[in-house]
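Here the structure is laid out as structure tokens; the discussion comes afterwards.
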Amino acid sequence: MRLRHKPWAKEKIQQFPQYVVPNPEEYKGKWHEAFAKAQPLHIEVGTGKGHFITEMAKANPDINYIGIELFDSVIVAALDRLIEADLPNLKLLNVNANDLAKYFTKNDVSRVYLNFSDPWPKTRHEKRRLTYKSFLKLYEEIMIDGGEVHFKTDNQGLFEYSLLSFSAYGMLLKFISLDLHHSDVHGNIMTEYEQKFSEKGNRIYRCEVQFQS
Ligand code: SAM
């Protein structure tokens with residue numbers, strides 16, 4: 001993602017603590033207290049400008065959602081969407097996914113979405129891929145038993161790598177599409193990257209995998 005420096009981003013985020021949670025460690029083990037209703041929690045890691053997570057939250061009021069994004073200059077766009085939509089079941093976290101265990105504990109999360117995660121194609125950067133085994137361990141540690149990871153990308157190399165990583169970790173492959181936009185899947189909510197890359201003619205890959213206890 002091309003990053004434009006936005007010196008005002010941090011201050012704007014601080015003005016909306018009801019949307020971008022400023023003290024996420026305080027909700028560890030009790031995230032239902034951050035939301036209007038106690039219901040299952042789904043998170044998107046690397047939420048970008050937030051189109052996917054906002055539309056998911058609108059479409060599924062019986063699920064709580066958290067969008068997690070590292071860069072303040074990016075998450076402000078997701079914040080603008082949330083200010084506009086004012087959804088009771090969506091929060092944003094401006095934190096690094098490496099630190100998920102600081103903010104969540106076992107059984108906090110039912111599903112993790114990974115959408116168009118950075119591919120980090122160089123072997124020496126493998127550990128940064130959000131489907132590397134250390135990230136899978138992190139997700140497993142904060143999820144319910146049988147929690148699911150739903151993953152979409154247009155990057156064939158990252159998709160193949162991730163399928164191997166999920167399998168080596170002992171996860172169950174529940175669904176796979178090698179060409180999502182030319183399949184009979186209904187109700188797909190597009191992300192910003194998905195829109196951009198599918199318009200270029202790129203094929204979109206998607207899978208759903210589950211932790212086995
Ligand atoms: N999911 C969005 C989409 O599909 O349009 C954005 C995709 S973009 C390629 C990947 C996003 O993940 C970037 O905004 C990046 O800042 C974020 N990201 C990457 N590594 C992260 C990490 N360790 N913690 C939080 N966010 C991360």
Side-chain angles (χ1 to χ4, degrees), residues 1-6 9-10 12-13 19-22 24-25 41-59 65-82 90-104 108-109 111-122 124-142 149-159 161-162 165 177 180-181 185 187-200 202-208:
M1 176 169 298
R2 196 155 62 91
L3 283 179
R4 277 194 202 92
H5 182 55
K6 296 177 182 163
K10 213 171 266 316
K12 178 159 187 184
I13 287 166
Y19 296 133
V20 187
V21 181
E25 56 288 337
L41 176 61
H42 296 182
I43 66 173
E44 184 187 16
V45 179
T47 211
K49 295 179 181 172
H51 180 261
F52 174 83
I53 202 81
T54 311
E55 294 306 311
M56 289 295 280
K58 282 184 198 166
Y65 290 92
I66 294 180
I68 295 171
E69 170 56 47
L70 180 57
F71 292 110
D72 53 20
S73 54
V74 178
I75 206 171
V76 282
L79 172 59
D80 281 339
R81 288 184 195 283
L82 184 49
L90 174 58
K91 302 285 175 196
L92 301 170
L93 299 190
N94 184 201
V95 300
N96 192 326
N98 293 332
D99 300 327
L100 281 176
K102 279 192 202 166
Y103 313 117
F104 299 94
D108 273 348
V109 176
R111 185 177 296 171
V112 171
Y113 288 101
L114 301 173
N115 290 317
F116 296 79
S117 308
D118 297 318
W120 295 109
K122 293 189 176 135
R124 70 171 189 275
H125 293 147
E126 180 188 6
K127 290 180 181 169
R128 299 184 191 179
R129 298 175 196 156
L130 293 179
T131 52
Y132 182 65
K133 61 186 174 191
S134 61
F135 277 107
L136 301 184
K137 185 163 179 285
L138 261 183
Y139 307 148
E140 187 176 29
E141 280 169 6
I142 65 171
V149 176
H150 292 196
F151 176 50
K152 282 196 279 196
T153 182
D154 69 318
N155 188 302
Q156 185 182 353
L158 180 66
F159 193 69
Y161 167 86
S162 303
S165 183
S177 173
L180 182 64
H181 291 191
V185 171
N188 176 50
I189 290 181
M190 293 229 252
T191 77
E192 276 91 359
Y193 270 65
E194 185 170 356
Q195 183 87 43
K196 190 166 80 178
F197 289 126
S198 59
E199 275 168 12
K200 281 187 183 172
N202 293 10
R203 185 198 280 232
I204 306 301
Y205 303 88
R206 180 173 185 274
C207 69
E208 297 177 5

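Remember, it's 1-based here, ligands and their atoms both numbered in the order they're listed.
The nearest non-hydrogen atom to atom 23 (N) of ligand 1, considering only N98, T191, N96, L114, comes from N96. With distances taken over non-hydrogen atoms, the option nearest atom 19 (C) of ligand 1 out of D99, N155, D118 is D118.
With a 4.0 Å cut-off on non-hydrogen atoms, F71 touches ligand 1 through its side chain and not its backbone. Neither the backbone nor the side chain of H51 comes within 4.0 Å of ligand 1, counting heavy atoms alone. Only the backbone of T47 comes within 4.0 Å of ligand 1, judged by heavy-atom distances.
Of all the atoms in ligand 1, the ones that sit under 4.0 Å from a non-hydrogen atom of F116 are 4 (O), 7 (C), 8 (S), 9 (C), 10 (C). Atoms of ligand 1 found under 4.0 Å from any heavy atom of L70, numbered from 1 in the order shown, are 24 (N), 25 (C), 26 (N), 27 (C). Each of the following atoms of ligand 1 lies closer than 4.0 Å to a heavy atom of E192: 5 (O). Taking a cut-off of under 4.0 Å to the non-hydrogen atoms of V95, the atoms of ligand 1 that pass are 24 (N), 25 (C). For ligand 1, the atoms sitting less than 4.0 Å from at least one non-hydrogen atom of N115 are 1 (N), 2 (C), 4 (O), 7 (C), numbered in the order shown with element in parentheses.
In this structure the side chain of F151 never reaches within 4.5 angstrom of the side chain of Y205, judged on heavy atoms. Using a 4.5 Å heavy-atom threshold, the side chains of E192 and F116 count as separate. Contact of the N188 side chain with the E194 side chain is registered, since non-hydrogen atoms from C-beta on lie closer than 4.5 Å. Taking the side chain as every heavy atom from C-beta outward, I68 and T47 never approach each other to under 4.5 Å.
Considering backbone and side-chain atoms alike, G46 places an N or O below 3.5 Å from some N or O of ligand 1. For a threshold of 3.5 Å applied to N or O pairs, the pair formed by S117 and ligand 1 contains no separation below that value. In terms of polar-atom proximity, defined here as any N/O pair under 3.5 Å, Y193 does make such a contact with ligand 1. Residue E69 has at least one N or O atom closer than 3.5 Å to an N or O atom of ligand 1. Geometrically, ligand 1 and A97 share a nitrogen or oxygen pair separated by less than 3.5 Å.
Within the cation-pi definition used here (under 6.0 Å to the ring centroid, within 45° of the axis), K196 qualifies as a partner of Y193.
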